[in-house]
Amino acid sequence: MSEKKSKKVTIDMNINGEKVETDILAADLLLDVIRNNLGLTGAKPGCLNGDCGACTVIINQKPMKSCLTLAIEVGDKEITTIEGLLHSPVQKAFVDEFAFQCGYCTPGFILNSHALLMNDPNPNKEKITEWLSSNICRCTGYKEIENAIQAVMTKTHNKNDSD
Amino acid sequence: MDIIGKTVSRKDAWEKVTGQAVYTGDKSESGMLYAEKVISPYGHALIKNMDLSKAKKIKGVKAIITGGNLPLTGEEIQDRYPIACEKVRYHGEVVALVVADTPKCARQAADLIRVVYEPLPVVNTPGQAFDPNAPLVHEQLEQYKKKSTVYPEPGTNIANRSKIRKGDITKGWEKSDVVIEKRFSFNPSDHVAMETRCALGRIEADGKVLITSSSQAPFMIKRLISEYFGIENGNVIVNTPLVGGGYGGKASIQLELLAYIASKAVGGRLVRVQNTREEDILTSPCHIGLEATIKLGCSQEGLLQAAEILYLWDGGAYSDKATSLSRAGAVDCTGPYHIDNVWCDSLCMYTNHPYASPYRGYAHSEVLFAFERTMDGLADKLRLDPLEFRHKNAIRPGDTTPTQVLLNKSNVGNLPECIDRLKTLMEWEKGQKIDLGHHKMKVKGISCVWKTSTIDTNAGSGVILTFNPDGSVNLLSGVVEIGTGTKTVLAQIVSEKLKMKFENVHVQIKVNTQNTPEHWKTVASRGTFMAGRAALQAVDDAIGQLKHLASCVLRAPVEDFEIGRERVYLRDDPSIGLSYKDLAYGYTYPNGNAIGGQIIGRGHYILRHLTYLNPETGAGKPGPEWTVGAQGVEVEFDTREYTYKITKAFSVIDAGKVLNPKMAEGQIMGAMSMGLAFGGRETFYFDDLGRVLNPQLRTYRPLRYGENPEYICEFVETPQIDAPYGSRGVGEHGLLGMPAALGNSLSLAAGVSLNQLPLLPELIWRKKEAANRGDSL
């Protein structure tokens with residue numbers, strides 16, 4: 001068998017509000033590039049099959065599974081990883097509501113929830129379920145995660161009322 | 001109490017919601033090498049030939065390791081080579097390891113290794129394994145090194161037989177007016193921790209072996225690597241950062257051995273071994289399966305008289321922890337009831353399935369599924385209400401357990417109270433079966449639960465408290481943060497006892513076996529009890545030192561001092577005293593003289609009076625206390641389609657004392673969710689070659705968001721006097737009754753006895769069809 005020489009290419013990425021340049025192979029997964037090249041290890045390799053959602057990142061305002069995305073596809077798009085969120089209402093709510101235990105699925109759930117509320121500040125129950133059923137949490141009973149999202153919605157609602 | 005019993009935020013909260021939390025697989029270092037596995041595609045086969053030539057040619061490959069020249073391993077019976085030698089015994093077993101520069105390169109080479117197998121007859125169920133004519137999974141069982149407390153039977157597939165002989169079973173049957181016998185079975189399944197297992201190994205020039213692992217048992221890794229490979233104990237150092245879910249699955253030692261072997265093959269360089277999801281399901285140990293036969297007898301009045309039980313555990317290809325699981329299944333072989341005459345044989349069977357590791361509840365949810373289903377059957381036969389029947393027979397102080405431990409108000413919780421509370425919560429008086437019209441009905445099912453721990457009799461836990469110059473304290477404990485929040489609870493215990501602000505107790509989350517005192521293993525719902533006791537002792541030790549130093553400085557007897565508000569002061573005049581800050585690093589006089597030094601509190605704890613079990617009768621004391629509870633589910637069942645929706649799940653657990661309400665509730669809810677998934681949908685599907693057909697999360701389906709029921713959790717608080725603030729173990733207990741309660745509700749709904757798991761609509765349909773045809777069930 002002949003060994004094909006894979007060539008590295010340099011891409012620009014727009015990640016967490018910063019422009020970065022990194023060398024990748026065309027076949028590299030976005031997940032591997034953000035973890036290994038950029039050192040952003042908040043996105044986790046839970047299954048590498050698109051089943052568990054632990055690798056979720058936000059690409060142009062939509063939650064995407066970075067294990068099903070090639071890094072070469074995202075050049076001009078805005079990417080947010082968990083490291084790009086700081087003291088967001090969703091994070092605070094996850095802490096207050098104990099919406100995590102081991103923490104491994106947590107970045108994925110937070111980014112998914114954050115993207116949901118960014119796209120629709122007042123989603124109904126069905127919509128929340130539709131969005132969040134793409135991720136798996138094995139520790140909680142999901143009730144805590146539901147409570148966290150409700151807490152953010154209530155807060156946003158109250159704030160808008162008082163404005 | 002200031003902080004015990006209060007909901008306080010977890011110490012690991014912010015790192016976990018910001019992505020800063022570091023797990024084993026997140027570590028990378030330049031020069032690190034990667035190991036990839038070649039795994040067996042068969043359940044049972046001879047390895048006839050292995051061709052490595054193509055793989056060796058791949059650039060970047062540093063070493064290829066195959067079986068042979070490796071020691072046999074196993075916690076109770078040493079029956080497993082870390083890499084298979086000549087023969088494979090389960091689908092997923094490691095047959096070769098490739099170490100290379102990059103994971104891609106290692107994978108490419110691994111895929112080029114050609115292995116020729118000769119398939120052998122497969123032992124595909126524990127019942128089949130029990131057949132005297134069955135193929136032997138281990139022909140050399142007699143020659144294996146083993147612990148004295150495990151009882152394999154060479155020439156058979158029995159890896160262990162644990163016996164319970166309590167009372168006189170013949171008399172029990174004589175006293176029984178009503179008798180029932182039922183059989184149950186379910187396949188092995190998986191833990192599915194979201195973090196797949198991962199281990200890093202390095203060997204330093206001076207011989208020190210450094211392992212980093214996503215493990216619930218770093219101290220056991222240290223012990224076993226030392227034992228298996230003949231390395232001085234102190235030369236093995238194990239690091240465990242945060243662990244992404246364990247549920248027992250990470251209490252077994254497996255990848256750590258491969259990491260060591262791989263590192264050794266490349267001159268000690270750092271090597272990472274990480275499971276893919278498929279390998280995590282196939283190769284690494286799974287959740288045990290079971291076949292059970294239960295015969296129960298009771299008097300006309302509904303009092304249990306006799307229980308005769310046979311458990312055939314599907315321990316899989318290697319015994320590792322499965323023998324201990326079969327023992328735990330014997331220890332609490334009945335449900336939480338008073339039964340004078342108990343006969344049980346609990347057998348760990350070798351099969352050609354992935355081997356078993358502990359699973360949340362340690363054999364208890366499995367036993368309870370069989371036992372509590374039988375209880376419902378018996379209640380039905382007696383025409384007694386199933387809750388009332390359980391209440392009548394509930395275990396109480398003054399009763400004895402199957403291993404003949406006499407119970408008192410401290411070592412067992414209040415089960416009747418749990419049952420009463422459950423009855424109210426479930427609105428039991430409104431009926432167990434309610435017709436909702438349109439082919440729908442609402443049904444309720446229940447289960448009682450109990451569990452003690454069955455850990456090593458000399459398992460210990462230690463805590464060290466070191467003070468900081470500002471008077472705050474660092475808490476070091478070998479408990480691994482696997483998600484349960486135990487270290488937050490330990491900080492609450494220290495804060496309460498040391499009368500210090502919770503914020504001033506700093507917790508070291510990571511474990512390093514060289515600088516963290518040992519906690520045997522983070523298993524068995526024993527973290528809070530054991531490490532909590534060690535923490536209390538460490539606080540006492542620190543208080544003693546603080547008072548002693550204060551007594552020198554303030555020239556007053558030690559006994560005259562009290563502590564409070566982070567000060568040591570005189571009891572009759574609190575204005576005279578010194579703050580922790582003034583004493584934390586010794587005391588410095590105005591002229592520069594100093595005495596004392598850093599305050600370092602130390603504490604340790606071993607559970608008292610535990611014994612080995614008598615091999616003939618099972619008599620002995622396996623654990624310090626039994627947590628009890630009553631659980632139920634409410635299900636909406638479609639009588640045409642046999643589909644169902646679990647609408648509510650209930651738990652009333654006697655927690656002794658709830659130390660952090662939201663966290664305790666989280667433990668119960670999470671465990672209930674896992675138990676419902678185990679009961680309702682999770683299983684391995686095997687083909688005739690013993691292959692697992694569903695090793696992915698789209699074919700093996702845990703509960704997802706929105707599939708969970710409404711949870712109703714309540715606690716009863718009957719203190720366990722020896723435990724910190726009276727608390728009992730609760731980490732596993734929410735899971736225990738879920739499969740049984742679900743089975744009981746659906747059996748009632750469908751009008752057929754559902755004695756297998758998982759309880760899929762298809763199973764219900766098959767049973768219904770069989771019943772309609774008049775087949776025996």
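Chain naming here is simple, since letters A, B, ... match the order of the sequence lines and numbering starts at 1 in each.
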Could you state the interatomic distance from [atom1] ([X]) to [atom2] ([Y]), rounded to the nearest 0.5 Å?
| X | Y | atom1 | atom2 | answer |
| --- | --- | --- | --- | --- |
| A:I136 | B:M194 | CD1 | CE | 5.0 Å |
| A:T129 | B:R704 | OG1 | CZ | 13.0 Å |
| A:N49 | B:L697 | CG | CG | 8.0 Å |

| field | Options A:C105, A:G42, A:C139, A:P107, ranked by heavy-atom pairs under 4.5 Å with chain B, top entry | value |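 Ranked by contacts with chain B, first place is A:C139.
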| query | Highest number of heavy-atom pairs under 4.5 Å with chain B: which of A:L132, A:L48, A:T106? | reply |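 Most heavy-atom pairs within the cutoff with chain B belong to A:L132.
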| task | Name, in order of residue number, those residues of residues 85-94 of chain A that have a heavy atom at a distance of less than 4.5 Å from a heavy atom in chain B; otherwise write 'none'. | result |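 The list, in residue order, reads A:L86, A:H87, A:Q91, A:K92, A:F94.
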| query | Just checking heavy atoms, which of residues 53-77 of chain A are less than 4.5 Å from chain B? | reply |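 Heavy-atom contacts from residues 53-77 of chain A to chain B are absent.
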Any side-chain heavy atom of [X] within less than 4.5 Å of one from [Y]?
| X | Y | answer |
| --- | --- | --- |
| B:E195 | A:C102 | no |
| B:Y23 | A:K44 | yes |
| A:Q101 | B:R10 | yes |
| B:Y705 | A:S134 | no |
| B:E707 | A:Y142 | no |
| B:V17 | A:I110 | yes |
| A:R35 | B:D26 | yes |

Considering only heavy atoms, which portion of [X] lies under 4.5 Å from any heavy atom of chain B: side chain, backbone, both, or neither?
| X | result |
| --- | --- |
| A:E126 | neither |
| A:L111 | neither |
| A:E130 | neither |
| A:D32 | neither |
| A:S133 | both |
| A:F98 | side chain |

| query | Do you know the tightest heavy-atom contact between B:S9 and A:V95? | reply |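 Between these two residues, the closest heavy atoms are OG-CG1, 3.9 Å.
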| request: Please report the closest heavy-atom contact between B:P702 and A:R138, naming both atoms and the distance. | output: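 Heavy-atom minimum between the residues: CB-NH1, 3.4 Å.
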Side chain, backbone, both or neither: which part of [X] has a heavy atom under 4.5 Å from chain A?
| X | answer |
| --- | --- |
| B:I668 | neither |
| B:L242 | neither |
| B:V480 | neither |
| B:T18 | both |
| B:V192 | both |
| B:A649 | neither |

| field | Choice from B:E15, B:E682, B:E278, B:Q20 maximising heavy atom contacts with chain A below 4.5 Å | value |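 Looking at each option in turn, the highest pair count goes to B:E682.
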| Picking from B:H191, B:Q274, B:K104, which has the most non-hydrogen pairs under 4.5 angstrom with chain A? |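 With the most close heavy-atom pairs to chain A, the winner is B:H191.
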| What do you reckon, is NZ of A:K155 surrounded by more than 12 foreign heavy atoms closer than 6.0 Å? |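 Count not over threshold, so no.
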| message | Taking atom NZ as the centre, does B:K510 end up with more than 12 heavy-atom neighbours from other residues, nucleotides or ligands that are less than 6.0 angstrom away? | response |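 Not buried by this count: 12 neighbours or fewer within 6.0 Å.
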| Is the shortest distance from a Lys or Arg side-chain nitrogen in A:K143 or B:E710 to a carboxylate oxygen in the other one below 4.0 Å? |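 Looking at B:E710 together with A:K143, the answer is no, because their closest N to O distance does not fall below 4.0 Å.
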| message | Applying the side chain to side chain donor-acceptor pair (under 3.5 Å) criterion to A:D51, which one of B:Q696, B:R277, B:R698 satisfies it? | response |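 So, applying the side chain to side chain donor-acceptor pair (under 3.5 Å) to A:D51 and each of B:Q696, B:R277, B:R698, only B:R698 qualifies.
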